[in-house]
Amino acid sequence: MMADDQGAADGKHSPRIVGTKAKRIEDRALLRGRGKFLDDIHIDGVLHAAFLRSQHAHARLRAVDVSAARKAPGVVAVFDAQAMRAELTDLRMPLGFPSSTLPAGITPFVLSEREVCFVGEAVAMVVATDRYLAEDAVGLIQVDYDPLPAVTDCKSALENNEPRARSDSPSNVIERVELAYGDIAAAFGPANRQFKESLFIHRGMAHPIEGRGVLARFDDTSSELTVWSSTQMSHELRQVLADLLGMEPDRVRVIAPDVGGGFGAKYLVYPEEIAVAAATRHLRRPVKWVEDRMEHFLSAIQDRDQYWDVEIAADNNGKIQGIRGRMIHDQGAYTPQGINLPYNSVSSLTGPYIVPAYQMSLFVCQTNKPAVIPVRGAGYPQAAFVMERLMDRIARELQIDRVEVRNRNLIPKEKMPYNKQLKSRAGVISVIDSGDYAACSRKAVDAIDYAGFPSRQDQARATGRYLGLGFAHAVKPTGRGPFESAVVRVTPAGRIVIYTGAMAMGQGLATALAQLCADQLGVPLESIDVSAGDTSRVSLGLGGFASRQAILAGSAVHLASLEVRQKAIKVAQHVLEVAEQDLVLQNGRVEVLGVPSHGISLASIARKLKGSPGYALPPGVKPGLEATSLFQFDAQAFANATHACEVEVDIGTGDVRILRYIGVHDSGRLINPMIAEGQIHGGIVHGIGNSLYEKMRFDEIGQPITTTFADYLLPTATEIPNLEVLFHESPSPTNPLGVKGIGETGTIPVIACVISAVENALGPFNVRIREAPLSPIRILEMIDEGRAQ
Amino acid sequence: MNGGEKMISVTVNGQAFTRPVSSRRLLADFLRHDLALTGTHLGCEHGVCGACTVLVDGVSARSCLMLAVQTNGCRIDTVEGLAPDSGDGEAMHPLQEAFWSRHGLQCGFCTPGILMSLVELLRDVEAPTEEQVRLVLSGHLCRCTGYQNIVAAALEAARSMSKQAR
């Protein structure tokens, strides 16, 4: 019986825990208040850092006087840029991703010395015995600012090169990218219909509920630096710390403790992480910095504005012939990582559709605002918004049903794998590996009762209520390489430990990896411990981003577990004198099929393979019941989603109420459907925030005016309906598990879907929506504008 | 005890503490750093996200908006006190159990505050409606879950608690 469903030693057993809604192994500690987040870690004698941040969006620094702060109670040290420079190999942060085209000198400073370029830029750091005293002393630092004109809009940054966002930068445009394929002139020839749109889209911030934080300790005896950080990238942080502090990476250990959400905000090495580590080494005392939310608003990375001027050509049947246009992206004052976000937007615009010709110009412009790097969705939500607005436009102009016009252009299943003819920023050709978009479309249409909507809408209108239906598709390449690491080890006590360079920040990574391992080793989940993001446990790793971890860390754990399994079987064969096909792994043991009493525990095998001085190991077996896998992955697994929603717009108040929201998702095989659904819930709600609530506002001189959660609105439980999530499974051929990423796909189609629904609801008022997010006031304005036509 | 400090006595999760605190010390910092009860988290420090919610004399309060000195003589309940003490540290409150089985948490950072608000609701309302649960949750921000599974967990806990009470 066991041979069928789990234990057969030939490795061809079917999974038992993978694919089930296993309860998460992370949860008990978190629920009991015993999680260990960054600020929960205590070290005796720890000092606390606080930063002085620029009050101006743009100013020259004439003088920074820290003398009064140095004398303040509890203050141990104050670092200005000059003092910090003495601790580092470079006062400027390195560029996160390699680029041969970006100009030099675009990254942030650890502390700024001559010029501040956004409100919130760090100028000095106080280290004191207590956080309260450190913050008091920050108030005593005197800065003489010489204010300069600020650039607050990326469109004007492009059109006028003065003022400039940074005086050391020759142009506000730091990069221009041209993408093209196909015969664009023919597509826009006289035979085809052509429609132009000018669209604006803003996305706000990532806002994990735990902000950033870092704790550093320098051990004088070993000259080793240990840094705990709430980060999505421990190994990269270790490297940057080593580079900037002039240390060997092996002397630097980075540990990510429990991380209270990331969503992109922690996928970056921040100046504060370097400053705190430098202070620790200088003072030879532990130092901690934990930001508050206002600091996060002022100085964590953000997503922001894109202006799109686009044109689409289609034949009379609504078949797309080509798309061309221009996009301007607001990068903020610095470029810490690269331009992946806007590049993703322009290279992924065509999404799930066949577009024979394409031409797009991207302008990445600097402004006097915080730096931009990808937030959950990484430029794809913007692209989906633009593409789906164009599809709605064709539908309206050619009077073809919105779902039908999409169906006519979707890449059919038979054409998979489908070459999108564009390269990713890293130079990988986009080839969609698998997917059945038409099937997902049908599921969404059925679930929302698309056919019944017109009568629902008519009935509501008869009573003065305005219902709208939105519909949108999206695709997302998931699983960015080049690799991820996993070590699977059985200890002589019988525990299974998994170490990985992937990063846990709420996605249930530990549970998913444990499920994959448990099936191979025939152990319960409870006997597995997973440690992610500790650089001392595994030498290489890339961390958590781009919906990659199930594919890369999952495959790495799967392959390492398989190797451990084979080793255990080999030893058991020798010890039990039984052929391989008669052995099963179950209950933490290798047992003889049908004779469970005859077996050997994994713990005993681990003890044997740990070696005893002078005694030979069983023949043909290498030391240690463990294996390491560095799973390499250069392809991408394309997840897709079709969303449909029904909204009601109150034309008196501009309020939008989402009545139903359906997400049909294909992320290949699911390791844990419960976790997968939870990821989609969170993703959709993030997208709802981006559609209706979240806007990081700045005034005309670059002062941020939404710096609390009372001003910047995250969705709360009362705005959100019960989301209906459906799955379609097209296993990905790109990896041994058949999985695709899921962390971001929930977010990507939402803005497009909700905006489409609002426009549909306001059809009687000739409302045409060309922007997101939508506030109630803006909706009322659009109703007035539409009525006036 | 220096000039700005006051001696306060509080009962936290049934245990009495007497400690000097500076008059400006936040209740959250007092709990987390002076009493080492780090289960209560700080997500915004300006009273909106609700992660720091604790019960003060049985009423939910944001510990980032309250000074420790204000709680002198008060009974405070935090997430650490929710589960019955089973000796092995394995037991959980029905609400915690429901969060576990309904996947009501992801990163778990906002969870302790949400648990405390819902414990208060479930104490006062035996069979809350979904709307009542959502209204209580609207005082909390969660970026991971989209709230749906939290609502389901609260309703499930209400059912299991009323069964136990019978």
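Note: hydrogens, waters and symmetry copies are ignored here, and every other heavy atom, side chains too, is used. Letters A, B, ... mirror the listed sequences (proteins, then strands); counts begin at 1.
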**Student:** Need one label for Phe709(A): side chain, backbone, both or neither, based on atoms under 4.5 Å from any heavy atom in chain B.
**Tutor:**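 For Phe709(A), backbone and side chain are both near chain B.
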
**Student:** Can you tell me which of Gly35(A), Gly211(A), Ala504(A), Pro715(A) forms the most heavy-atom pairs within a distance under 4.5 Å of chain B?
**Tutor:**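 Option with the top pair count is Pro715(A).
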
**Student:** Checking the side chain of Arg24(A) only, and the main-chain atoms of Leu509(A) only, is there a donor and an acceptor separated by less than 3.5 Å?
**Tutor:**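 Checking the backbone N and O of Leu509(A) against the side chain of Arg24(A), no donor-acceptor pair under 3.5 Å is found.
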
**Student:** Is it the case that the side chain of Arg376(A) and the backbone of Phe263(A) share a donor-acceptor pair, with hydrogens and angles ignored and the cut-off at 3.5 Å?
**Tutor:**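 No: the side chain of Arg376(A) does not pair with the backbone of Phe263(A).
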
**Student:** So, the side chain of Gln15(B) versus the backbone of Val12(B): is there a donor-acceptor pair under 3.5 Å, distance only?
**Tutor:**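 Side chain of Gln15(B) to backbone of Val12(B): no pair is present.
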
**Student:** Does Phe30(B) reach the side chain of Ile8(B), with side-chain heavy atoms less than 4.5 Å apart?
**Tutor:**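 Yes, close enough: below the 4.5 Å cut-off.
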
**Student:** Please rank Met92(B), Arg102(B), Glu80(B) by heavy-atom pairs under 4.5 Å with chain A and give me the top one.
**Tutor:**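 Most pairs with chain A among the choices: Met92(B).
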
**Student:** I'd like to verify something: which residue of His103(B), Arg32(B), Gln96(B) has the highest number of heavy-atom pairs under 4.5 Å with chain A?
**Tutor:**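 The residue among His103(B), Arg32(B), Gln96(B) with the greatest pair count is His103(B).
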
**Student:** Please check if the number of heavy atoms outside Arg657(A) that lie under 6.0 Å from its CZ is greater than 12.
**Tutor:**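 Counting other residues, nucleotides and ligands, CZ of Arg657(A) stays at 12 neighbours or fewer.
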
**Student:** Quick check on the interface: out of Val259(A), Asp39(A), Ile720(A), Ile675(A), who has the most heavy-atom pairs with chain B under 4.5 Å?
**Tutor:**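 Between Val259(A), Asp39(A), Ile720(A), Ile675(A), the count favours Asp39(A).
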
**Student:** Between Ala51(B), Cys144(B), Gly39(B), which residue shows the highest count of heavy-atom pairs closer than 4.5 Å to chain A?
**Tutor:**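 Option with the top pair count is Cys144(B).
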
**Student:** Is it the case that the side chains of Ser9(B) and Thr18(B) hold a donor-acceptor pair, with the cut-off being a distance below 3.5 Å and no angle test?
**Tutor:**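 Present: a donor and an acceptor within the cut-off.
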
**Student:** For the interface with chain B, which of Asp258(A), Thr716(A), Val685(A), Leu714(A) has the highest count of heavy-atom pairs at distances below 4.5 Å?
**Tutor:**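 Winner by heavy-atom pair count: Thr716(A).
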
**Student:** For His42(A), is it the side chain, the backbone, both or neither that has a heavy atom under 4.5 Å from a heavy atom of chain B?
**Tutor:**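 Neither; nothing under 4.5 Å.
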
**Student:** Please look at Ile684(A) and chain B and tell me whether the side chain, the backbone, both or neither of the residue comes under 4.5 angstrom of a heavy atom of that chain.
**Tutor:**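 No part of Ile684(A) comes within 4.5 Å of chain B.
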
**Student:** Is a donor on one side and an acceptor on the other found under 3.5 Å between the side chain of Glu135(A) and the backbone of Tyr132(A)?
**Tutor:**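 No, Glu135(A) side chain to Tyr132(A) backbone: no donor-acceptor pair under 3.5 Å.
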
**Student:** Between Arg32(A) (side chain only) and Ala91(B) (backbone N and O only), is there a donor and an acceptor less than 3.5 Å apart?
**Tutor:**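 At least one qualifying donor-acceptor pair exists.
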
**Student:** Tabulate, in ascending numerical order, the residues of residues 289-300 of chain A having at least one heavy atom closer than 4.5 Å to a heavy atom of chain B, or enter 'none'.
**Tutor:**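 Contacts with chain B: Glu291(A), Asp292(A), Arg293(A).
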
**Student:** Check whether Leu105(B) gets within reach of chain A through its side chain, its backbone, both or neither, counting any heavy atom under 4.5 Å.
**Tutor:**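 Both parts, backbone and side chain.
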
**Student:** Quick one: does Asn149(B)'s side chain have a donor or acceptor within less than 3.5 Å of a partner on Gly678(A)'s backbone?
**Tutor:**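 The answer is no, because no donor-acceptor pair under 3.5 Å joins these two groups.
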
**Student:** May I ask you to check whether Asn672(A) and Thr20(A) show a side-chain donor-acceptor distance below 3.5 Å?
**Tutor:**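 Looking only at side-chain atoms, Thr20(A) and Asn672(A) do not form any donor-acceptor pair under 3.5 Å.
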
**Student:** Taking atom types as modelled and ignoring hydrogens, do the side chains of Glu5(B) and Ser22(B) form a donor-acceptor contact shorter than 3.5 angstrom?
**Tutor:**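 Glu5(B) vs Ser22(B): no donor-acceptor pair found between side chains.
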
**Student:** Side chain, backbone, both or neither: which part of Thr707(A) has a heavy atom under 4.5 Å from chain B?
**Tutor:**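 Backbone of Thr707(A) only, per the 4.5 Å heavy-atom cut-off to chain B.
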
**Student:** Count the heavy-atom pairs under 4.5 Å between each of Arg131(A), His207(A), Lys23(A) and chain B, then report the option with the highest count.
**Tutor:**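 Greatest number of close heavy-atom pairs with chain B: Lys23(A).
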
**Student:** Relative to chain A, which of Ala152(B), Cys49(B), Ala83(B), Cys107(B) shows the most heavy atom pairs under 4.5 Å?
**Tutor:**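 Highest number of pairs under 4.5 Å: Cys107(B).
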
**Student:** Without hydrogens or angle criteria, can the side chains of Glu97(B) and Ser160(B) be said to hold a donor-acceptor pair below 3.5 Å?
**Tutor:**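 Checked: Glu97(B)/Ser160(B) side chains show no N/O donor-acceptor pair below 3.5 Å.
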
**Student:** Please classify the contact of His93(B) with chain A as side chain, backbone, both or neither, using a heavy-atom distance under 4.5 Å.
**Tutor:**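 Neither; nothing under 4.5 Å.
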
**Student:** To check you understand the geometry: which heavy-atom pair defines the closest contact between Cys645(A) and Tyr661(A), and what is its length?
**Tutor:**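 Looking at all heavy atoms of both residues, the shortest contact is CB-CD1, 3.4 Å.
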
**Student:** Examine whether an atom of Ala29(A) lies under 4.5 Å from a heavy atom of chain B, and if so say whether it belongs to the side chain, the backbone or both; otherwise answer neither.
**Tutor:**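 The answer is neither part of Ala29(A).
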
**Student:** Given a strict heavy-atom distance threshold of 4.5 Å, which part of Met674(A) is in contact with chain B: side chain, backbone, both, or neither?
**Tutor:**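 It is both, since atoms from each part get that close.
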
**Student:** Measure distances from Glu45(B) to the heavy atoms of chain A and classify the residue's part below 4.5 Å as side chain, backbone, both or neither.
**Tutor:**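 Just its side chain gets close to chain A.
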
**Student:** Could you look at Asp130(A) and say if it's the side chain, the backbone, both or neither that has a heavy atom under 4.5 Å from chain B?
**Tutor:**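 For Asp130(A), the contact with chain B is made by the side chain alone.
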
**Student:** Specify which of Glu694(A), Glu719(A), Lys36(A) makes the most heavy-atom pairs with chain B at under 4.5 Å.
**Tutor:**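 Winner by heavy-atom pair count: Glu694(A).
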
**Student:** Checking Gln507(A) against chain B: side chain, backbone, both or neither under 4.5 Å from a heavy atom?
**Tutor:**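 Neither part, no heavy atoms under 4.5 Å.
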
**Student:** Check each atom of Phe109(B) against the heavy atoms of chain A and say whether the ones under 4.5 Å are side chain, backbone, both or neither.
**Tutor:**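 Both the backbone and the side chain of Phe109(B) come within 4.5 Å of chain A.
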
**Student:** For Thr111(B), is it the side chain, the backbone, both or neither that has a heavy atom under 4.5 Å from a heavy atom of chain A?
**Tutor:**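 Thr111(B) touches chain A through side-chain heavy atoms alone.
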
**Student:** Can you name the side-chain contact (heavy atoms from CB on, under 4.5 Å) partners of Cys110(B), sequence neighbours left out?
**Tutor:**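 Partners of Cys110(B) under the side-chain contact (heavy atoms from CB on, under 4.5 Å) test: Ile209(A), Ile114(B), Cys142(B).
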
**Student:** Can you tell me which portion of Glu130(B) sits under 4.5 Å from chain A's heavy atoms? Options are side chain, backbone, both or neither.
**Tutor:**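 It is the side chain, since no backbone atom gets that close.
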
**Student:** Which residue pairs pass the salt bridge (charged side-chain N to carboxylate O under 4.0 Å, His left out) test with at least one member in residues 49-72 of chain B, sequence neighbours excluded?
**Tutor:**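 Checked against salt bridge (charged side-chain N to carboxylate O under 4.0 Å, His left out) - neighbours excluded - no pair reaches residues 49-72 of chain B.
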
**Student:** What side chain to side chain donor-acceptor pair (under 3.5 Å) pairs are there with at least one residue in residues 679-691 of chain A, not counting sequence neighbours?
**Tutor:**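 Output for this query lists Arg203(A)-Asn690(A), Glu677(A)-His681(A), Gln679(A)-Gln106(B), His686(A)-Arg143(B).
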
**Student:** Ignoring hydrogens and geometry, is there a side-chain-to-backbone donor-acceptor pair from Lys266(A) to Gly261(A) under 3.5 Å?
**Tutor:**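 Yes, the answer is positive, given that a donor and an acceptor are paired below the 3.5 Å cut-off.
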
**Student:** Please check: side-chain N/O of Gln302(A) versus main-chain N/O of Gly204(A), any donor-acceptor pairing under 3.5 Å?
**Tutor:**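 A pair under 3.5 Å: no.
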
**Student:** Side chain, backbone, both or neither: which part of Leu26(B) has a non-hydrogen atom closer than 4.5 Å to chain A?
**Tutor:**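 Both parts, backbone and side chain.
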
